[in-house]
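To start, the structure under review is shown below, and the notes come after it.
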There are 2 protein chains.
Amino acid sequence: MTDATLSTVRNAARLLKAFLTREEELGVSELARRLDLGKSTVHRLLTTLTAEGLVQQDPRTGGYRLGIVMFELGEAVRGHMDLPAAAGSVLAHLREQTGESSQVGVADGDDVVYVDRTESSHSLRLFTEAGRRVPMYCTSSGKVLLAYRPEPQRRAFLDRVPLRPLTPHTITDPGRLLAELAAVRTRGWAEAVNEREIGVASLAAPIRDPAGSVVAAISVGAPITRYRSVPRRRMAQAVVEAGEAVSRRLGWAPESTPTKES
Amino acid sequence: MTDATLSTVRNAARLLKAFLTREEELGVSELARRLDLGKSTVHRLLTTLTAEGLVQQDPRTGGYRLGIVMFELGEAVRGHMDLPAAAGSVLAHLREQTGESSQVGVADGDDVVYVDRTESSHSLRLFTEAGRRVPMYCTSSGKVLLAYRPEPQRRAFLDRVPLRPLTPHTITDPGRLLAELAAVRTRGWAEAVNEREIGVASLAAPIRDPAGSVVAAISVGAPITRYRSVPRRRMAQAVVEAGEAVSRRLGWAPESTPTKES
DNA sequence: ATCGATCGTTCCGTATATCAGAACGGGCGC
DNA sequence: GCGCCCGTTCTGATATACGGAACGATCGAT
C-alpha cells in the first residue's frame with residue numbers, strides 16, 4: 001500500500017494531464033512511454049475515458065485527444081470564477097492603453113495559471129493562452145502573488161521550490177528574490193525582464209478580494225524592445241490602476257488596503 | 001467482468017461529471033448518494049483527484065469542487081478548436097445586429113454543446129453558458145445539426161433517442177420532426193419556439209467546414225416577446241449570413257455548397 | 001446550553017478488478 | 001514486398017479497490 005490514493009485513477013489523471021503540453025493528439029504507445037505504463041494499461045485507460053467522453057479517438061489516425069466533456073468541465077470551473085467576469089473589460093481597456101497582451105493569473109500550488117487574457121494587436125506579440133501554467137519565481141504575476149503571501153508561506157516556498165535558471169537572467173538566489181519581493185510590496189508592482197524567456201518583459205500588479213487579500217495578479221507582457229520604449233512609470237501606473245479596477249469590481253474598497261502582506 | 005472498462009476510472013469520471021450540474025461545491029455524502037457508491041469509496045476518489053489537482057477541497061466547508069487543472073484541460077481543448085477563433089467577431093456582430101444573445105454549438109453524441117457565445121445587452125436576456133449541453137431535437141441549433149446529417153444517422157438518432165416533451169410544445173412525433181428537418185434543409189435555417197423552455201425562442205443556421213460539411217450551428221436566442229417583434233425574415237437572414245461568415249473563416253468557399261445533407 | 005443529525009474521515013477484511021507481457025493484424029514507409 | 005510500429009486483444013497471478021462500521025467535529029433546532 002503506497003498511499004491512500006487510487007493508483008488507477010492517478011494514472012488516468014496523469015494521462016489526461018499529458019495533454020497539457022498542448023499536443024492535440026497522442027497515441028497509445030507514446031503515452032505508455034511517457035507515463036511509464038504498459039501499452040495495454042494505457043489502452044484500457046483510454047477506452048474507459050473515451051466511453052465517458054473525457055477523451056475522443058480520432059477514427060482516422062487511431063490516436064486520442066481530449067473530449068468535449070473535458071471542455072464542459074473546464075467551462076464549469078470558469079463559470080464559478082469571479083475573476084473573468086470582473087477582469088474582462090479591464091483587460092480590454094489595458095490593451096487599448098498599452099497596445100500589449102495582458103493577462104490575469106491566479107496562484108495554484110507553486111505556479112501561476114492564467115485565467116483570462118487579451119492579446120496585443122501587434123503582429124509581434126506575446127502569445128499567452130488561458131489555462132497556461134508558468135512558474136512563480138520568474139514571472140511578474142508570480143512575483144506579485146508571492147510577495148503578498150504571509151511570510152511563513154513565502155519562506156516555505158523558497159525552501160520547497162528550486163529556482164531553476166530558465167534563462168541566464170533568472171533569479172536563482174533565494175536571498176535576492178526575497179529582497180525583490182520586499183521591493184514589490186513597497187512599490188506595489190512587480191517586473192520580470194528576460195527571466196523566464198529571453199526577449200520577453202512583463203509588469204504586474206495585485207488584485208484584491210473584499211478582505212484585501214491578494215488573490216490574483218494582472219500583468220502586461222511585451223517584447224523587450226517595445227517594453228523599453230515606454231516609460232516604466234507610465235506602464236506601472238496603468239497596470240496598478242487596472243488591478244485596482246478589477247479589485248473594486250470584486251468588492252474591494254480602497255481604504256481597506258492592508259499595510260503589507262496577505 | 002462487465003466490460004473492458006476500468007470501473008474505478010469510470011467512477012472517477014462520473015464523479016467529475018456530477019459537477020456539470022453547475023453546482024459549485026458537493027460533499028462526500030451527497031456524491032455517494034448520487035453515484036450510488038460507498039462514502040469511503042467516494043472519499044478515496046476525491047482524495048486521489050485532489051492530489052492530482054482535478055478537484056479541490058474547500059478547507060472551510062469540507063466540501064469539494066473542481067480544481068484549476070480541470071480549467072487548464074478545458075482550455076487545452078478550446079485551444080485546438082478552430083470554431084471560437086473563427087466565430088468570435090461574427091458573434092459580436094450578430095449581437096450588434098439583433099441585440100440578442102447568440103451562440104455557436106457543435107454536436108457531441110446526441111446533444112449540442114455550446115462552445116462560444118455572446119450575451120445580449122438587455123436586462124431580460126437568455127443566459128447561455130459556454131460548455132452548456134442541450135438536447136438536439138428541441139433546439140434550433142440541434143435541428144440544424146440534425147438536418148444536415150446523412151440520412152442513416154438521422155434515422156438512427158430517431159430510433160435511439162426518445163423525444164421527451166420538455167414543454168407542451170416539444171415535438172415528440174418522429175415523423176413530424178423529420179418533416180421539419182426537411183424544411184430546415186430547404187430553407188437553410190431552423191427555429192425552435194417554446195420547445196425546450198417556455199418563453200424562449202431561437203433561430204439557427206449551419207456552419208460548414210471547407211468540405212462543405214455542417215460541423216456547427218450559430219444561433220440567436222431571445223425571450224419570445226422580443227423575438228416576435230422582429231420580422232422572422234430579417235432575423236433569419238442575419239443568422240444565415242453570420243453562419244456563412246464563420247464558414248468562410250473556416251476555409252469554406254460558397255460555390256462548394258453541397259446540394260443537401262452532410 | 002444540549003441533543004441529534006449529518007458531515008468528512010479512518011480502519012479493515014474480503015473479493016474482485018487491475019496489471020504487464022506476449023501475441024495478433026493492419027498500415028505505412030523504405 | 002519487407003520490416004517496423006501502430007492500436008488492439010487475451011490471459012493468469014497478484015495487488016488493489018470496495019463498502020460497512022466506527023470516530024470526532026460541526027451545525028441547527030429545541
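Side chains included, hydrogens not; waters and symmetry mates left out as well; all remaining heavy atoms used. Residue numbering restarts at 1 for every chain, and letters A, B, ... go by the order of the sequence lines.
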Between the first and last five pairs of the helix from dA1(C)-dT30(D) to dG29(C)-dC2(D), the angle of the axes, rounded to 10 degrees: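 The helix from dA1(C)-dT30(D) to dG29(C)-dC2(D) shows an end-to-end axis angle of 60°.
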Cationic N near anionic O, under 4.0 Å, Glu72(A) to Arg132(B):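 Judged by the 4.0 Å cut-off on N to carboxylate O distance, Glu72(A) and Arg132(B) do not form a salt bridge.
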N-O pairing of Glu129(A) and Arg22(A) below 4.0 Å: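 Counted as a salt bridge, because a side-chain N and a carboxylate O are separated by less than 4.0 Å.
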Base versus backbone protein contacts along nucleotides 8-15 of chain C [heavy-atom cut-off under 4.0 Å; B, S, -]: BBBB----
Sugar-phosphate only, base, or nothing, as touched by Arg10(A) at under 4.0 Å among non-hydrogen atoms: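 The answer is nothing, as Arg10(A) stays clear of every strand by at least 4.0 Å.
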Of all pairs that satisfy salt bridge (Lys or Arg N to Asp or Glu O under 4.0 Å), the ones with a partner from residues 35-57 of chain B, not counting sequence neighbours: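 For residues 35-57 of chain B, and leaving out neighbouring residues, the salt bridge (Lys or Arg N to Asp or Glu O under 4.0 Å) pairs sorted by first residue read Lys17(A)-Glu52(B).
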Where at least one partner belongs to residues 157-166 of chain B, residue pairs that pass salt bridge (Lys or Arg N to Asp or Glu O under 4.0 Å), sequence neighbours excluded: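 Passing the test, one end in residues 157-166 of chain B: Asp110(B)-Arg160(B).
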Presence of Asn11(B) side-chain N/O under 4.0 Å of dA17(D) phosphate oxygens OP1/OP2: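 No, Asn11(B) has no side-chain N/O under 4.0 Å of OP1/OP2 on dA17(D).
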Thr8(A) side chain near dA17(D) phosphate (N/O to OP1/OP2, under 4.0 Å):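 True: Thr8(A) side-chain N/O within range (under 4.0 Å) of dA17(D) OP1/OP2.
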Integer-rounded Å distance: dT18(C) P and Leu46(A) CG: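 Going from Leu46(A) (CG) to dT18(C) (P), I get 15 Å.
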Pair Tyr64(B)-Leu26(B), side chain to side chain contact (heavy atoms under 4.5 Å, CB included): steps then yes or no: CA-CA 5 Å; Tyr64(B) 291 85; Leu26(B) 291 170; 5.9 Å; no
Partner set under salt bridge (Lys or Arg N to Asp or Glu O under 4.0 Å) for Glu197(B), not counting sequence neighbours: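 Counting only residues at least two positions away or on another chain, Glu197(B) forms no salt bridge (Lys or Arg N to Asp or Glu O under 4.0 Å).
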Those residues that, when tested against Glu23(B), pass salt bridge (Lys or Arg N to Asp or Glu O under 4.0 Å) (two or more places apart):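 Testing Glu23(B) for salt bridge (Lys or Arg N to Asp or Glu O under 4.0 Å), a comparison that skips the adjacent residues, returns Arg34(B).
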Geometric cation-pi criterion Arg154(A) and Tyr148(A), 6.0 Å radius, 45° cone: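 Not satisfied by the 6.0 Å and 45° rule.
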Minimum-distance nucleotide to Thr41(B) side chain [options: dA20(C), dG19(D), dT18(C)]: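 Looking only at heavy atoms from C-beta outward on Thr41(B), the closest nucleotide is dG19(D).
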